[in-house]
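What you see below is based on every heavy atom in this structure, not just the backbone, and it leaves out hydrogens, waters and symmetry mates.
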Amino acid sequence: FDCKTDVDDLHTVAGFFTILKNPRFSAINYYAVAGTYGIQEGLYVPANELFKAAFGKNWSDAHSDPEKALKEVYSIVAKTLKKDGDVWIAEAGQSDFTSALIRKIQAEMPTLNTSLRIHVVQHSNWNEEVTSPDKLAFVKSNSDYHKIPDGNTKGNGSPGFRNPDLRDWDSRIKDDAAKEIWRMAVDIANRYNGKEGRYNNEAVAAGGLDFSDLSETCHILGTGDIEDGGEFFERMGN
């Protein structure tokens, strides 16, 4: 999650938490990283309380301390790779941090073929445009890189999770913990959306939702056939 400067990442955190509360996906071996931004201008959206509430200890803060975050994430993925597992990265932002992670994996595990074992999923042209060009090229050349259709629009092959009219999310979610995470995400997003030069997300400003960065996770989990936010809550929120 880049969290700079769009607040859509906060809604995406809540969306991913909703997936984790679904019994079908409750055993996912996941790890989240905040602050994985690239070269874009604008202020960061601080939401550590949301990450703590949603993910407990299963996340790192790359905004405050990128080197510490890199070490923490490497220690997690190395365990999986050493057990012959693969790593899937949903890029809810740019690829700069992923580039650093792959370089560290290659340095520490030189015989491992990262192009076969590290799978990166990206949905946004803008995210690619504000990734450091050399780092984006490195990730594309040293991972199994998947570019899927943009999650901001429905009907293009990816779920369309940006909807200014989706305001009744509270009634669509049955799990109390998921409701609380969504409330927190919506409150923080409203607090920072368009403030102090940050990007003004029009869907959020209209009272709707934007968790478009969740489209990559849905692709990874085989639920990329979800049409939009309404269907997401029908399938994941009950």
Using atom types as modelled, flag every donor-acceptor pair under 3.5 Å from a side chain in residues 11-26 to any protein atom, sequence neighbours excluded.
unit_1, atom_1, unit_2, atom_2, d
His11, ND1, Asp210, N, 3.1
Thr12, OG1, Asp8, O, 2.9
Thr18, OG1, Ala14, O, 2.8
Thr18, OG1, Trp182, NE1, 2.8
Asn22, OD1, Arg24, N, 2.9
Asn22, ND2, Arg235, O, 3.3
Ser26, OG, Pro23, O, 3.2

Any side-chain heavy-atom pair of Asp213 and Asp9 under 4.5 Å: yes
Should Thr98 and Glu91 be marked as a side chain to side chain donor-acceptor pair (under 3.5 Å) after you check the CA-CA gap, both sets of side-chain angles, and the distance that decides it? CA-CA 8 Å; Thr98 298; Glu91 291 278 31; 2.7 Å; yes
Does some side-chain heavy atom of Asp144 sit less than 4.5 Å from a side-chain heavy atom of Leu116? no
Please tell me if the side chains of Lys52 and Leu50 come closer than 4.5 Å, counting only heavy atoms from C-beta onward. no
Once rounded to the nearest 0.5 Å, what's the spacing between atom OG1 of Thr5 and atom NZ of Lys195? 12.5 Å
So which heavy atom on Ala90 is nearest to which on Thr217, and how close? CB-OG1, 3.6 Å
Any chance you could measure Ile148, atom CD1, to Gln122, atom CD, to the nearest 0.5 Å? 8.5 Å
Pair Glu128 + Lys147, salt bridge at N-O below 4.0 Å: yes
Charged N to carboxylate O under 4.0 angstrom, Arg172 versus Asp168? yes
Stepwise, does the side chain to side chain donor-acceptor pair (under 3.5 Å) test hold for Asp61 with Ser64? CA-CA 6 Å; Asp61 183 358; Ser64 297; 2.7 Å; yes
Atom NZ of residue position Lys71 - does it have more than 12 heavy atoms of other residues, nucleotides or ligands inside 6.0 Å? no
Looking at Glu202, I want to see if its CD is surrounded by more than 12 non-hydrogen atoms of other residues, nucleotides or ligands under 6.0 Å. no
Answer yes if Leu166 and Val7 sit in the same cluster of Ile, Leu, Val, Met, Phe, Trp and Tyr residues linked by side chain heavy atoms under 4.5 Å apart, and no otherwise. yes
Straight-line distance of Arg117 CZ to Asp84 CG, nearest 0.5 Å: 5.5 Å
Is there a path of hydrophobic side-chain contacts, each under 4.5 Å between heavy atoms of I/L/V/M/F/W/Y residues, joining Trp126 to Phe211? no
On a heavy-atom basis, the closest approach of Ile173 and Ala178 is CG2-CB, 3.7 Å
Glu196 side-chain N/O to Leu43 backbone N/O, donor-acceptor pair under 3.5 Å: no
Please determine whether residues Ile28 and Phe51 belong to a single hydrophobic cluster, defined as Ile, Leu, Val, Met, Phe, Trp and Tyr linked transitively by side-chain heavy-atom distances below 4.5 Å. yes
Does the side chain of Thr223 come within less than 4.5 Å of Met236's, by heavy atoms? yes
Please give the remaining members of the hydrophobic cluster of Tyr31, linking ILVMFWY side chains under 4.5 Å, ordered by chain and number. Val33, Leu70, Val73, Tyr74, Ile76, Val77, Leu81, Val87, Ile89, Phe97, Leu101, Ile102, Ile105, Met109, Leu112, Ile118, Val120, Leu136, Phe138, Val139, Tyr145
Walk me through it: do Lys4 and His63 pass the test side-chain contact (heavy atoms from CB on, under 4.5 Å)? CA-CA 10 Å; Lys4 182 182 178 183; His63 172 66; over 6 Å; no
Value for CZ (Arg162) from CG (Asp150), rounded to nearest 0.5 Å, stands at 10.0 Å
How far apart are the closest heavy atoms of Ser132 and Asp96, and which atoms are they? OG-OD2, 2.7 Å
Asn29, CG: over 12 other non-hydrogen atoms inside 6.0 angstrom: no
Could you tell me which non-hydrogen atom of Ala69 sits nearest to which non-hydrogen atom of Ser60, and how far apart they are? CB-CB, 3.8 Å
For Asn127, is there any backbone N or O sitting under 3.5 Å from a side-chain donor or acceptor partner on Thr131? yes
Please give me the minimum heavy-atom distance between Phe161 and Pro159, naming the atom from each residue. CZ-CB, 3.2 Å
Is it true that atom CD of Glu41 has more than 12 heavy atoms of other residues, nucleotides or ligands lying nearer than 6.0 Å? no
To the nearest 0.5 Å, tell me how far Phe55 CZ sits from Ile181 CD1. 8.0 Å
Would Ser212 and His123 count as a side-chain contact (heavy atoms from CB on, under 4.5 Å) here? Give the steps. CA-CA 9 Å; Ser212 50; His123 84 113; 4.1 Å; yes
Any donor-acceptor N or O pair under 3.5 Å, side chains Asp6, Asn201: yes
Determine whether a donor-acceptor pair (N or O, by modelled atom type, separation under 3.5 Å) exists between the side chain of Gln40 and the backbone of Gly38. yes
Residues passing the salt bridge (Lys or Arg N to Asp or Glu O under 4.0 Å) test with Asp170, sequence neighbours excluded, are Arg183
Any side-chain heavy atom of Ile188 sitting closer than 4.5 Å to one from Arg191? yes
What about Phe1 and Tyr192, same hydrophobic cluster or not, with Ile/Leu/Val/Met/Phe/Trp/Tyr joined at side-chain heavy-atom distances under 4.5 Å? yes
Over all atoms of both residues, closest heavy-atom pair of Val186 and Trp169: CG2-CZ2, 3.9 Å
Specify whether His119 and His146 have parallel, tilted or perpendicular ring planes, treating 30° as the upper limit for parallel and 60° as the lower limit for perpendicular. tilted
Rounded to the nearest 0.5 Å, how far apart are CG of Asp228 and CG of Leu209? 11.5 Å
Looking at Glu108 and Lys104, would you say the former's side chain and the latter's main chain have a donor-acceptor pair under 3.5 Å? no
